[in-house]
Amino acid sequence: MRLAHYGRGWVRTACSHPNEVTGPGPGTLSRARELWTNTELGDYCSPRFGALAEYLLIENAEIGRSVAVFPGTVPFDVAALNEPMAVARHCVNRSGAEPADKVVIFGAGPIGLGAAIWLKLRGVQHVTVADVIPERLETALAVGADAVINSAEENVTERLTALHGQAANALGQSRPATDIYIDAAGVAAVINTTVESAKWGAKLVMVAVQKKSDAVDLGGMLRSELTLIASQGYPTEIFEVTPELVEHHERFAKLISHRVPFGDAKHAFELALTPGAAEKVVVTFDDER
C-alpha cells in the first residue's frame, strides 16, 4: 500500500451495482456500502477514493481507463509506483526530449528518478541528476543516470559544461550545452541556477511544486530565450506507463527505499514526512507477493 491516494490490491469481485457486491467474508457488503458513502477525510484521502481501506469500490471499472492489471510477476510494491511514474512520464513527454538531447534533472526523489528512467528508456544521449543527498545520487546511478552532481559541493554550471560541452546564450556568453533542465526539486535555487546556466534555446520543465517563490531573473531568460514548460499530473499517462513498468519492474523497484510492515505504519508516515529520510516508502502486508 502506498501512503497516498492510490494503491494496489486484488480484484475480489465484479458487479453492476454496489448493492450486488459479494466477497470473501460476511462483512463485504457493509464495507462496500461504507466505501461508497464515506467522505470524512475529503475526496482524495477518503476510503472512497483512497488506498487506506480494506476494500475499495471502483465505479464503472474498465481496464485501461480506471483499472490497471499487473501480472503476477510484478510485486505489489512496484505496482504501487504506477501513479508517480505517470507523473514522471508526463514531465518527460512535456519536455519533448529526443535521443540527441543532453538533460539535467534537479531532485533525485521518486519523480526525478522516474524521469531519469523514462529518458534513458527513450534513448536520450546523456542524463545527469543533481541533488544534495549522496544516497539519492547513488540511486540515480543505479537506475541508469549517466552522471550525478552533488549541488551542495559542486558548481553546477561548471560540472554541466564538463559533462555536456560548451555552448552560448543569445549574447554569445559561454553556457553549458545542456538542452533540457527538469525541476523535480521545487526550490527557487533550481530556477535561478537554470536561468544562469541556460544556453540559447534551452528548455526548463517544472514538475515540482514550488513551495516558496523567489524573484526570477527575467532578463536572464530573455538572454537565453529559455522556454518554461509546466508539467501537471498525468492527463494521458496513467495507463500509458503500465506495460513498461511491468517490463522494467526490477529497475523501478530500486526507487523504493523503505518497505515498512503495516503494523509499523506510523513509522512509515514519520519517514515520509522527514526531509531526506527516505525516497519512496511502501507499507506492506504479510500476504503480499
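Just so it is clear, the structure is predicted and the values come from calculations on it, not from any experiment.
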Quick one: do Thr139 and Val129 satisfy side chain to side chain contact (heavy atoms under 4.5 Å, CB included)? Show the steps, please.
CA-CA 10 Å; Thr139 304; Val129 175; over 6 Å; no
Does the side chain to side chain contact (heavy atoms under 4.5 Å, CB included) test come out yes or no for Glu270 and Asp264, once each step is laid out?
CA-CA 10 Å; Glu270 291 170 350; Asp264 201 15; over 6 Å; no
Take Arg159 and Asn150, measure what side chain to side chain donor-acceptor pair (under 3.5 Å) needs, and give me the verdict at the end.
CA-CA 10 Å; Arg159 276 284 283 148; Asn150 187 328; over 6 Å; no
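Side-chain contact between Thr194 and Asp183 is absent, with no heavy-atom pair separated by less than 4.5 Å. Put simply, the side chain of Glu279 reaches to within 4.5 Å of the side chain of Leu113, judged on heavy atoms. Looking at Phe70 and Val246, their side chains come closer than 4.5 Å, going by heavy atoms from C-beta outward. Contact annotation: the side chain of Trp200 never approaches that of Arg175 to less than 4.5 Å [non-hydrogen atoms, C-beta and beyond]. Between Asp179 and Val103 there is no side-chain heavy-atom pair separated by less than 4.5 Å.
The other residues sharing a hydrophobic cluster with Val104 are Phe106, Ile149, Val156, Leu160, Leu163, Tyr181, Val187, Val190, Ile191, Val195, Leu204, Met206, Val216, Leu218, Met221, Leu226, Leu228, where clustering joins ILVMFWY side chains under 4.5 Å apart.
When every heavy atom of Pro84 is checked against every heavy atom of Ile111, the shortest pair comes out as O-CD1, 3.3 Å. Nearest heavy atom pair, residue Val78 against residue Ala253, reads CG2-CB, 3.7 Å. Residues Pro176 and Ser197 share a closest heavy-atom pair of CD-O, 3.0 Å. Residue Val74 comes nearest to Ala79 through the heavy atom pair CG1-N, 4.1 Å, listed as atom of the first residue, atom of the second, then distance. Contact between Ala177 and Ala167 at its shortest, heavy atoms only, is CA-CB, 3.8 Å. The two residues Gly276 and Ile133 have their closest heavy-atom pair at CA-CD1, 3.6 Å.
Although no hydrogens or angles enter the test, the distance criterion places no donor-acceptor pair under 3.5 Å between the side chain of Asp131 and the main chain of Arg136.
Surrounding CD1 of Ile63 are at most 12 heavy atoms belonging to other residues, nucleotides or ligands under 6.0 Å away. The number of heavy-atom neighbours closer than 6.0 Å to CD of Gln232, taken from other residues, nucleotides and ligands shown, is 12 or below.
Summarising the geometry, atom CD1 belonging to Ile180 is positioned 12.5 Å from atom CZ belonging to Arg94; distances are rounded to the nearest 0.5 Å. Here the CG atom belonging to Asn82 is positioned 3.5 Å from the OG1 atom belonging to Thr242, to the nearest 0.5 angstrom. Atoms OG1 and NZ, from Thr128 and Lys102 in turn, are 10.5 Å apart once rounded to the nearest 0.5 Å. Rounded to the nearest 0.5 Å, atoms CD (Gln166) and NZ (Lys199) are 12.0 Å apart. Separating the CZ atom in Phe252 from the CH2 atom in Trp118 is a distance of 3.5 Å, to the nearest 0.5 Å. Put simply, NZ on Lys203 and CD1 on Ile229 are 5.0 Å apart, with the number rounded to the nearest 0.5 Å.
Side chains of Glu196 and Thr157: no donor on one and acceptor on the other come within 3.5 Å.
Hydrophobic clustering (side-chain heavy atoms under 4.5 Å, transitive across Ile, Leu, Val, Met, Phe, Trp, Tyr) keeps Leu271 apart from Leu273.
Between Lys280 and Asp77, no side-chain nitrogen of the basic residue sits less than 4.0 Å from a carboxylate oxygen of the acidic one, so the salt-bridge criterion is not met.
Residue Ile105 forms a side-chain contact (heavy atoms from CB on, under 4.5 Å) with just one option from Val148, Val92, Leu119, and that option is Leu119. Of the options His249, Arg251, Arg89, a side-chain contact (heavy atoms from CB on, under 4.5 Å) to Glu244 is made by Arg89 and by none of the others.
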